[in-house]
**Student:** 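Let me give you the structure first, and then I'll get to my questions.
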Amino acid sequence: MHKPSNSADRQGIGQDQFLTILSREEALARFEAALFPRAIAAEERQLADALGLALAESVVAPIDVPSFDRANVDGFAVRSADIAAASEGQPVRLTLNGETIACGVTPELTVLPGTATPISTGGPLPRGADAIVMVENTHPSEGDAIEVGRSASPGQFVSHAGSDIAMGEIVLRVGMVIGSREIGMLAACGIASIPVARKPHVAVLSTGDELVQPGEALPSAGIYDTNGAIVTAAVSENGGEAEFLGSFPDDEARLEAAMRQALATHDMLILSGGTSKGAGDVSHRIVARLGQPGIIAHGIALKPGKPLCLAVCDGKPIVILPGFPTSAMFTFHDMIVPVLRRMAGLPPRTDAQVTARVPLRIASEIGRTEFVMVSLVKGQEGLVAYPTGKGSGAITSFAQADGFIRIEALADHMPAGSETQVTLFTPQVRVPDLSIIGSHCTGLDRVVAPLVRDGFSVRVLAVGSLGGLAAARRGECDLAPIHLLDEKTGRYNEPFLEAGLELVPGWRRMQGIVFRPGDLRFEGLDAHDAVRAALADPDCLMVNRNQGAGTRILIDTLLGSARPDGYWNQPRSHNAVAAAVAQKRADWGVTIAPVAEASGLGFIPLAEEHYDFALVTARKDRPAVKTFLAALQSEESRISLEQAGFRRA
Ligand code: AMP
Ligand code: MG
């Protein structure tokens, strides 16, 4: 069958195009204008039930705290003028009044000149007195009197009424989130219940025929529903009460029924997927019939995130996030969180922003606001935001990412060294104790394990060997793991070190040819015979590696001038090679032994690759670095590395 391939033809089979693309700012402004101002639904809650909720109205103190002048120490209430001349050598004698003021006791006698009244911490100051002298600065004297050996300034050891909280003062402002501290202040004012904003009830739905819920078996071509879980949690983190309603196939009738039901019982709907105007993408068509004014923006100049769809149906926001999880998260945090927080009576999020410097030039498309996922590390001065994005489909980059930066639509790049705002995914910045930036290896997890056990936070960013060396040169990491073969000398790693870096030997990784067990073209052969057999069979498909990988140099040496079918399939990792062979997209490739074993593939050893560390000399005395170097040398890691198929250097 002929498959239409140009966009005009595709429109013919149900692809609409985004006719009007709005800028991020315009889309947000229109969305907010359609939603606000609106009344915040408030409810009265007992203090204990108000934890984590936003205050719906400012609270004014109904009383002074303390409500009387209060003694701060155990001692005697006195007139400071009486003892102005007192000293250890010339104490002043004061007669005691006939009452003792404990906490909770209302004084009845006036402190007249020449007298004092015993008082406990927390007791109310009696009439006439203006200061407290500490018991330690007095001696009992005969005939119900004391001798005071030190002078006192007026007001000494007295907390005056209202000095903590003054009656009529605003104690807590509208929008503040109630924590234990706030509850304490309210309790001190005698307030038992407060008006809080009712959390918006948000229904979360995922759409896509391919989606499977975590916990269920994954069919081939299936995808675990990531957005459902992450959006539900992110809604709760930002003041909403989220209810996940499950994932729905791209079936217009079923989805519409679910959406109508959800809309009847919730304040907001967040869907994901099905919003690129493809043939199977139905959600936006449903939204268009759910209420007025309907779709506000569909197609926004964001990268990634262009298919984001914003709608308001009879006062309730409906959002369709793009299907790719990272796109969904960028657009959620950048465009939806501000609206959600406003509906929840919360002020804009300021705790989730930090300033950081970008270490390298980041290219960007003109005309679209671009989001770039970043990891924070501590640079020589301040925070450095490392781009960690792997394309809009990647979820793994989340694990290392702290947040994202935004490159404005009119910029074609962000220059190296720019200071920029990072929007954090969660409000805590976690700057790691140890930064390892370079080529990743599963062996690394084993060496790092004892550090993590000892409470060090460790960040490993996979940017490849050359990227790691650049980070090390700029002082942005402690160690850069590398495996670079110098073609001229045939030596690994050491020829690539520059001043300021030193080589720490790591381990060896056996590389070899992988094939599916039982493939008689390879079974039992040595590497060179295996390659010869592969080249002799025109149906035999290879998988290569990317230019610049040490493994690629090995493959090119093996192949000589041959360019067999599959040569241009050049994935960037050892794991991708194994997956291609295991899934029969290729018949052979070169990868490392532990990866071959984990994928259950046959393996013909070829040559050892050296996986070492470029250590930043200036950082070698940091405690986490010392601990890492010790861990690397330990018997524990030798055994652990060997179990995983590596041989320590
Ligand atoms: P769509 O926006 O429906 O065209 O989806 C774009 C991409 O995101 C596809 O690769 C989907 O499989 C993927 N995707 C959509 N929804 C989800 C989800 N809830 N979790 C993980 N991936 C998803
Ligand atoms: Mg879909």
Side-chain angles (χ1 to χ4, degrees), residues 7 10-11 13-18 21 27 202-236 242-256 258-259 262 268-288 295 297-311 318-336 368 371 373 389-399 401 404 425 576 579 583:
S7 66
R10 261 189 276 125
Q11 234 179 324
I13 59 160
Q15 291 257 11
D16 316 323
Q17 287 186 350
F18 292 109
I21 305 262
V202 181
V204 179
L205 297 82
S206 303
T207 70
D209 292 335
E210 73 282 24
L211 298 184
V212 177
Q213 287 307 311
E216 290 170 12
L218 190 67
S220 68
I223 297 263
Y224 279 121
D225 175 9
T226 313
N227 295 342
I230 199 166
V231 172
T232 304
V235 164
S236 304
E243 189 188 356
F244 177 53
L245 300 182
S247 59
F248 294 81
D250 297 306
D251 172 314
E252 202 157 342
R254 268 186 67 186
L255 189 58
E256 178 161 355
M259 285 170 73
M268 179 174 187
L269 244 54
I270 303 182
L271 288 84
S272 67
T275 177
S276 327
K277 300 192 167 176
D281 295 330
V282 294
S283 343
H284 65 274
R285 280 186 235 141
I286 301 170
V287 170
I295 291 177
H298 188 195
I300 303 176
L302 306 173
K303 186 182 177 184
K306 183 173 159 198
L308 175 67
C309 177
L310 305 175
I318 304 183
V319 172
I320 315 177
L321 300 172
F324 282 121
T326 42
S327 310
M329 271 303 92
F330 288 141
T331 50
F332 178 81
H333 281 277
D334 189 57
M335 313 260 305
I336 313 306
R368 291 214 265 166
F371 300 111
M373 187 104 69
K390 292 185 177 175
S392 57
I395 178 73
T396 43
S397 36
F398 271 142
F404 60 90
F425 289 127
Q583 294 161 7

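Order of listing sets the numbers, starting from 1, for every ligand and every atom in it.
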**Student:** Nearest 0.5 Å, what's the CG-OG distance between Asp225 and Ser272?
**Tutor:**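 One gets 6.5 Å once the value is rounded to the nearest 0.5 Å.
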
**Student:** Under a heavy-atom criterion of less than 4.0 Å, does Pro325 contact ligand 1?
**Tutor:**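 Checking ligand 1 against Pro325, which is what was asked, there is a heavy-atom contact under 4.0 Å.
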
**Student:** If the cut-off is 4.0 Å to any non-hydrogen atom of Gly274, which atoms of ligand 1 fall inside it?
**Tutor:** 1 (P), 2 (O), 3 (O)

**Student:** When you measure from atom 11 (C) of ligand 1 to every protein heavy atom, which one gives the shortest distance, and what is it?
**Tutor:**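 Its nearest protein heavy-atom neighbour is Glu210 OE2, 3.0 Å.
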
**Student:** For Ser276, take its heavy atoms, then give the atoms of ligand 1 lying under 4.0 Å from any of them.
**Tutor:** 2 (O), 4 (O)

**Student:** Got a second to check how far Thr226's OG1 is from Met329's CE, nearest 0.5 Å?
**Tutor:**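 Thr226 atom OG1 to Met329 atom CE measures 10.0 Å (nearest 0.5 Å).
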
**Student:** Which residue and atom name correspond to the protein heavy atom nearest atom 18 (C) of ligand 1, and how close is it?
**Tutor:** Asn227 ND2, 3.4 Å

**Student:** Using a 4.0 Å heavy-atom cut-off, which part of Ile223 comes near ligand 1: side chain, backbone, both, or neither?
**Tutor:**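 Looking at Ile223 and ligand 1, just side chain atoms fall under 4.0 Å.
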
**Student:** Are any of the N/O atoms in Thr226 less than 3.5 Å from those in ligand 1?
**Tutor:** yes

**Student:** Heavy-atom contacts with Gly273 under 4.0 Å: which atoms of ligand 1 show up? List them by number with element.
**Tutor:** 2 (O), 3 (O)

**Student:** At what distance, to the nearest 0.5 angstrom, does CE of Met335 lie from CG of Leu308?
**Tutor:**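 One gets 5.5 Å once the value is rounded to the nearest 0.5 Å.
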
**Student:** Consider every N or O of Leu211 and every N or O of ligand 1, then say whether any pair is closer than 3.5 Å.
**Tutor:**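 Among all N and O atoms of Leu211, none is under 3.5 Å from an N or O of ligand 1.
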
**Student:** For atom 19 (N) of ligand 1, what's the nearest protein heavy-atom neighbour? Residue, atom name and distance, please.
**Tutor:** Asp225 OD1, 2.7 Å

**Student:** Do Ile320 and Val287 touch side chain to side chain, with heavy atoms closer than 4.5 Å?
**Tutor:** yes

**Student:** Calculate, to the nearest 0.5 Å, the distance between atoms OG1 and CZ belonging to Thr207 and Arg254 respectively.
**Tutor:** 12.0 Å

**Student:** Are any non-hydrogen side-chain atoms of Pro322 and Thr331 less than 4.5 angstrom apart?
**Tutor:** yes

**Student:** Number the atoms of ligand 1 from 1 as they appear, then name those within less than 4.0 Å of a heavy atom of Tyr224, with their elements.
**Tutor:** 20 (N), 21 (C)

**Student:** Any non-hydrogen side-chain atom of Ser206 less than 4.5 Å from a side-chain atom of Phe244?
**Tutor:** yes

**Student:** Please verify the inter-ring angle class for Phe330 with Phe404; under 30° counts as parallel, over 60° as perpendicular, anything in between as tilted.
**Tutor:** perpendicular

**Student:** If you have a sec, work out which protein heavy atom is nearest atom 10 (O) of ligand 1 and how many Å separate them, to one decimal?
**Tutor:** Phe324 CE2, 3.7 Å

**Student:** Evaluate Thr275 for polar contact with ligand 1, using N/O atom pairs at a separation under 3.5 Å.
**Tutor:**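 Between Thr275 and ligand 1 (N or O atoms, distance only) the closest approach is not under 3.5 Å.
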
**Student:** State whether the shortest distance between N or O atoms of Gly323 and N or O atoms of ligand 1 falls below 3.5 angstrom.
**Tutor:**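 Yes; at least one N/O pair falls below 3.5 Å.
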
**Student:** Identify which one of His298, Lys306, His284 satisfies the side-chain hydrogen bond (donor to acceptor under 3.5 Å, both in side chains) criterion when paired with Thr275.
**Tutor:** His298

